[in-house]
Amino acid sequence: QVHLVESGGGLVQAGGSLRLSCTASGRTITTTAAGWFRQLPGKEREFVAVFTRTGGRTIYADSVKDRFTISRDKAKNAVLLQMNSLKPEDTAIYYCVFDDRIITSSLRIPSEWDYWGQGTQVIVST
């Protein structure tokens, strides 16, 4: 059983920064596919950033590229998301995901991921 716990969300002004953390128990998430999705108010969950299962490449949504950085902390079995230059449109619940069987072509599809955290709220004010 895999348990993912997100932390680091909160309220920040536009232009500010936050760092989200996803820690895992039950499996190692730092050597396979893991990352972040988000759900904006009234919208479906959308892809943000992930590590691929093989090769450990990073893939970002166009909307966050050059502002967000995904990284791993192997000592803590955690995946991090550094979010800079935040915008009000980044306001969402951010979810950590993990799956050690997902294929690269499915990484952007929420329903293809087996494990999800409960989410952490990020609010960016104007």
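Computed from a predicted model, the values in this text were never measured in an experiment. Position 1 is the first residue of the sequence, and the numbers go up from there.
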Asks: Could you go through V124 and Q13, starting from their C-alpha distance and side-chain angles, then the distance that decides it, and tell me whether this counts as side chain to side chain contact (heavy atoms under 4.5 Å, CB included)?
Replies: CA-CA 5 Å; V124 184; Q13 286 189 326; over 6 Å; no
Asks: Can any side-chain N or O of T28 pair as donor or acceptor with the backbone N or O of T30 at less than 3.5 Å?
Replies: no
Asks: Hey, could you give me the CZ/CZ distance between R45 and F37, rounded to the nearest 0.5 Å?
Replies: 9.5 Å
Asks: Considering all heavy atoms of both residues, which atom of R108 and which atom of Y60 are nearest to each other, and what is their separation?
Replies: NH2-O, 3.8 Å
Asks: What distance do Q1 atom CD and S25 atom OG have between them, rounded to the nearest 0.5 Å?
Replies: 9.0 Å
Asks: How many angstroms lie between CD1 in I109 and CD1 in I102, if you round to the nearest 0.5 Å?
Replies: 7.5 Å
Asks: Could you measure the distance from the CD1 atom of I59 to the CD1 atom of I70? Nearest 0.5 Å is fine.
Replies: 10.0 Å
Asks: Mind listing the closest non-hydrogen atom pair of G9 and L20 along with its distance?
Replies: N-CD2, 3.6 Å
Asks: Answer yes or no: is there a side-chain heavy-atom contact under 4.5 Å between E6 and Y94?
Replies: no
Asks: Identify all side-chain donor-acceptor contacts of residues 110-117 below 3.5 Å with residues at least two apart in sequence or on another chain.
Replies:
unit_1, atom_1, unit_2, atom_2, d
W113, NE1, L107, O, 2.9
D114, OD2, R101, NH2, 3.1
W116, NE1, W113, O, 3.3

Asks: What residue pairs, at least two apart or across chains, pass disulfide bond (SG atoms under 2.5 Å apart) with a residue in residues 30-65?
Replies: none
Asks: Would you kindly confirm whether F68 and V79 end up in one hydrophobic cluster when ILVMFWY residues are joined by side chain heavy atoms under 4.5 Å apart?
Replies: yes
Asks: Side chains of I93 and L40: does their closest heavy-atom pair fall under 4.5 Å?
Replies: no
Asks: Which side-chain hydrogen bond (donor to acceptor under 3.5 Å, both in side chains) pairs, counting each pair once, include a residue from residues 117-126, with sequence neighbours left out?
Replies: none
Asks: Is the shortest side-chain heavy-atom distance between T58 and V50 below 4.5 Å?
Replies: no
Asks: Just so I know, are the side chains of Q39 and Y95 near enough to count as touching, which here means a heavy-atom distance under 4.5 Å?
Replies: yes
Asks: Sorted by first residue and then second, give each side-chain hydrogen bond (donor to acceptor under 3.5 Å, both in side chains) pair with at least one member in residues 68-93; sequence neighbours left out.
Replies: S17-N84, R38-D90, R67-D90, Q82-N84
Asks: Think R57 forms a cation-pi with F51, using NZ or CZ under 6.0 Å from the six-ring centre and within 45 degrees of its axis?
Replies: no
Asks: Hydrophobic clusters here meaning ILVMFWY residues chained together by side-chain heavy-atom distances under 4.5 Å, can you tell me if L80 and W36 are in one?
Replies: no
Asks: Just grab all the disulfide bond (SG atoms under 2.5 Å apart) pairs involving residues 70-126, residues at least two apart or on different chains.
Replies: C22-C96
Asks: Partners of K65 by side-chain hydrogen bond (donor to acceptor under 3.5 Å, both in side chains), sequence neighbours excluded?
Replies: D62
Asks: Could you tell me the separation between the CD1 atom of I29 and the CG atom of D99, rounded to the nearest 0.5 Å?
Replies: 12.0 Å
Asks: Can you tell me how far apart CZ (R19) and CG (L81) are? Round to the nearest 0.5 Å.
Replies: 10.5 Å
